[in-house]
> 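Here you go, one structure.
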4 protein chains.
Amino acid sequence: MANTYRKGRPVDLEGRAARRKEIMAAARGCFLRKGFHAASTAEISERASISVAGLYQYFPTKADLVLALVEEDLEMDLEWVGVLAKAESLQIGLTRLALEYANDVGCGDAVRLRLEITAEASRDPKIATVFTDVETRLVTAVSHLLADRQAKGEIDLALDPEVTARTVLAFLDGLFGWIAVGGASQENEAFVRAALELMWRGLKPAAS
Amino acid sequence: MANTYRKGRPVDLEGRAARRKEIMAAARGCFLRKGFHAASTAEISERASISVAGLYQYFPTKADLVLALVEEDLEMDLEWVGVLAKAESLQIGLTRLALEYANDVGCGDAVRLRLEITAEASRDPKIATVFTDVETRLVTAVSHLLADRQAKGEIDLALDPEVTARTVLAFLDGLFGWIAVGGASQENEAFVRAALELMWRGLKPAAS
Amino acid sequence: MANTYRKGRPVDLEGRAARRKEIMAAARGCFLRKGFHAASTAEISERASISVAGLYQYFPTKADLVLALVEEDLEMDLEWVGVLAKAESLQIGLTRLALEYANDVGCGDAVRLRLEITAEASRDPKIATVFTDVETRLVTAVSHLLADRQAKGEIDLALDPEVTARTVLAFLDGLFGWIAVGGASQENEAFVRAALELMWRGLKPAAS
Amino acid sequence: MANTYRKGRPVDLEGRAARRKEIMAAARGCFLRKGFHAASTAEISERASISVAGLYQYFPTKADLVLALVEEDLEMDLEWVGVLAKAESLQIGLTRLALEYANDVGCGDAVRLRLEITAEASRDPKIATVFTDVETRLVTAVSHLLADRQAKGEIDLALDPEVTARTVLAFLDGLFGWIAVGGASQENEAFVRAALELMWRGLKPAAS
DNA sequence: GATGAATGAGGCTTCATTCAT
DNA sequence: CATGAATGAAGCCTCATTCAT
């Protein structure tokens, strides 16, 4: 009945997806330790327990692997916005998220990879496209979030949502960047609190 | 007075230093367009109008060339602090500096190179050392600057100078980073003004 | 009469043979455009609408595929001899055949493939064997043809049939080779006519 | 005085040219035994007693090496024409040249390489260009040669020099091709004599 | 019988670096 | 000091082939 029958060995979609993830995880590790250019396909495939030729059945090019990783990484930012939207207040939610981030070792990795991504985006046009695309969506999402919080009286109504969204995002980028490069120390928590506090003084409605 | 006499042909110290600078300038251009790893010594030496072997008489290793560039680049940050110290007010000086920066094309390059440096610092220990060293000095300098301005009533006395210094530096890093990768557009000026304004709301003394 | 009964699912001999031909046709196209070594099994199997693994069920090795193609190609030469044998006169038949050949685009392909075959025959012993074998048969066939025509007074009786057969074959090889690599132009017809005319002057009985 | 002075180690023009020749000789051997595609740069450089990287200082690409060889090889054909022009009669000169060729082992190699070149010319546009270019020059040269010999009464005046030039060249290509692939046997001499004799019957003035 | 998945071996090319001139 | 020449190691990618499904 079904005409989707195809002769021969059926495609193992699950297996392929899993292997793909494995490769991407391995690649993330390598890129993290060496950067996109210094990490070799041999290294990546070894860490992924696959042959080099096998790797090329999942990603037609090293550049494509990088690109997939970049996309995946950038998409994660959008998830934060969703999390923040559900928080009782933006300040509380943001602080919680930032602290969680500052203390998790894996998150430091994510930030360091982001650094490499940003650097590469300023050279490779394809990566730049993906980068700019996600960035635009991110700004929009945060704009809406801020507008929402303005309506709730958490943020000064005089601030333009979009410009402020960019400002906040830039600020967070800088903040996490400093934490990631300095290495996660115990002082990070104090630093994060102070920095967010300062930002918040700029965001909240002018004292009536 | 001291006997500086030396046998043989005198070394042309000036010439050497000049050539060194030329090489570093050429290297900066290459690293900017390709990154530290993707830029080759052949490429660099060609841009510097020198043979590849000649390059090795000024820098024993490609890594050393990178390091020299990193140091030079980071030192420039310290100069800003000096400039800011002489401004009539920190807010005015900072705004002027930031706008100047946002509009200059060459400065976008500097920021993009900084991105590469930061990314590399998170991997190479030697670069990390230089990086952290300059960072520390920078924090100290900005701390003093802030303390100075606190004394003049420009900044809230409740803020701890050192932590605030880090916060401000992180914020500026994020700000310039966003400008650099987005490409210098005309909207940059509005963005910079808004962002600094927001930061300033957080820094200035609480309305009495 | 003989008991041809066989257990299990009967083999679809026709289907197999057809598929084999398809693969060979696809391979011919690829080898033509890239040569034996540069054409990949992936490319061939794609053109043949079969999986790479599937290809290996028809030909145990790429070399075997090449060999099969070589055999098929060389056998075609023998067919010409048959055609020529039926012509009213050798000169007329040969001219007709040559012109037909020179004007057909597909025949240019055949000649170009023959070039590759000859080149490969000078290296690979297996191909050389097939090549020499067919060549020998060809020479024999043409020898008989020539002897036959000698008897009819079309060709000088002083010429040794075998040596002359080789000469004629070599001449035709050269002729078609020049046409094939030069690309089929309208001048080809004049060239073919002139060349055959010259050859014929050498073959026909000395003016009595 | 001379302003051609250049600092540093002077270029060893002789040495470079010699090395270049060595590499080309090695490449010729490899290409002969395996063909352009099957012969590897590793193999070639080993036979040339140079590192693989070193090879790339003389030829920027394997394709360039092939091209250089093709050019060199094709140019040799033009030299024959010069030799033939000085012969007492075209028939004598050609026979001498052909026999010399048929008996020399190295010449068989040259013909086999020519086969590969012709095959490759039908695919690679660059090689095709060189090929066609030399071919054109060759036809012109032989045309002049034939016209010259026509004036001396050696060749039938009714024959068009250019078309005949192509015919003769095609014939010789075919002839040498058959000799080269069959391997140099003792019967070659008889074959060559008979073939040339046949051709000559077609060329010489009609018996008065 | 036919397909998807996997892989060792190898191909071309480039790189950072050295050494003689 | 500066250049030409050379090279081992490595990088990305492809190939012919096998094997489980």
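Naming: A, B, ... by sequence-line order, numbering from 1 per chain.
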> Return whichever of B:I50 or A:A53 has its heavy-atom-nearest nucleotide of DNA chain F closer to the 5' end.
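Its nucleotide being nearer the 5' end, the pick is B:I50.
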
> Taking the side chain of D:Y58 as heavy atoms from C-beta outward, which of F:dA6, F:dT3, E:dG8 is closest to it?
F:dA6

> For E:dG8, give the paired nucleotide (Watson-Crick: N1-N3 plus N6-O4 or O6-N4; G-U: N1-O2 and O6-N3; both under 3.5 Å), or none.
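E:dG8 is paired, partner F:dC15.
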
> Can you tell me if A:T41 touches the phosphate of F:dC12, counting only side-chain N or O atoms and a distance under 4.0 Å to OP1 or OP2?
yes

> Donor-acceptor pair under 3.5 Å: do we get one between A:Q57's side chain and the base of E:dA5?
no

> Within the structure, does a side-chain N or O atom of D:K7 lie under 4.0 Å from either OP1 or OP2 of F:dT3?
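So the side chain of D:K7 is outside the cut-off, no N or O lying under 4.0 Å from OP1 or OP2 of F:dT3.
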
> Nearest to the side chain of D:T61 - E:dT13, E:dA6, F:dC12?
E:dT13

> By the definition side-chain contact (heavy atoms from CB on, under 4.5 Å), identify the one residue from C:D109, C:I23, C:D73 that meets it with C:R28.
C:D73

> Is there a donor N/O on one and an acceptor N/O on the other, under 3.5 Å, for the side chain of A:R9 and the base of E:dA2?
no

> Within the distance-only criterion (no hydrogens, no angle test), does the side chain of D:T129 pair as donor or acceptor with the backbone N or O of D:P125 below 3.5 angstrom?
yes

> Could you tell me the separation between the CZ atom of C:F31 and the C1' atom of F:dA16, rounded to a whole number of Å?
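That distance rounds to 12 Å.
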
> Roughly how many Å is it from CG in B:L55 to C1' in F:dG4, rounded to a whole number?
15 Å

> Which of these passes side-chain contact (heavy atoms from CB on, under 4.5 Å) with D:R19: D:K21, D:R16, D:E22?
D:E22

> Which comes earlier along DNA chain E counting from the 5' end, the contact point of D:G8 or that of C:G54, where each point is its nearest nucleotide?
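With D:G8 and C:G54 compared, the 5'-side residue is C:G54.
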
> Could you tell me the Watson-Crick or G-U partner of E:dA20, where both distances fall under 3.5 Å? Say none if there is no partner.
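The base-pairing partner of E:dA20, which may sit in any strand shown, is F:dT3.
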
> Using a strict 4.0 Å threshold on nitrogen-to-oxygen distance, state whether D:E43 and D:R33 make a salt bridge.
yes

> Checking all strands, does B:A39 fall into the base, sugar-phosphate, or nothing category for heavy-atom contacts under 4.0 angstrom?
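Here B:A39 touches the backbone only, sparing every base.
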
> Please give, in whole Å, the distance from F:dA9 P to B:K62 NZ?
19 Å

> Give a yes or no answer on whether the side chain of A:K62 reaches the backbone of A:A39 with a donor-acceptor pair at less than 3.5 Å.
yes

> Quick one: on DNA chain F, does C:S40 or B:R19 contact a more 5' nucleotide (nearest heavy atom)?
B:R19

> If only side-chain N and O atoms of D:R16 are considered, is one of them under 4.0 Å from the OP1 or OP2 phosphate oxygen of F:dA5?
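For F:dA5, OP1 or OP2 has a side-chain N or O of D:R16 closer than 4.0 Å.
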
> Given F:dA6, E:dT3, E:dT13, identify the nucleotide with an atom nearest to the side chain of D:V52.
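Closest of the options to the side chain of D:V52: E:dT13.
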
> Please determine, for the side chain of D:Y56, which listed nucleotide (F:dT14, E:dT17, E:dT14) has the closest atom?
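Out of F:dT14, E:dT17, E:dT14, the nucleotide with an atom closest to D:Y56's side chain is E:dT14.
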
> Any base atoms under 4.0 Å from D:F59, or only sugar-phosphate, or nothing? Heavy atoms, all strands.
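No contact at all - D:F59 keeps every heavy atom at 4.0 Å or more from the nucleic acid.
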
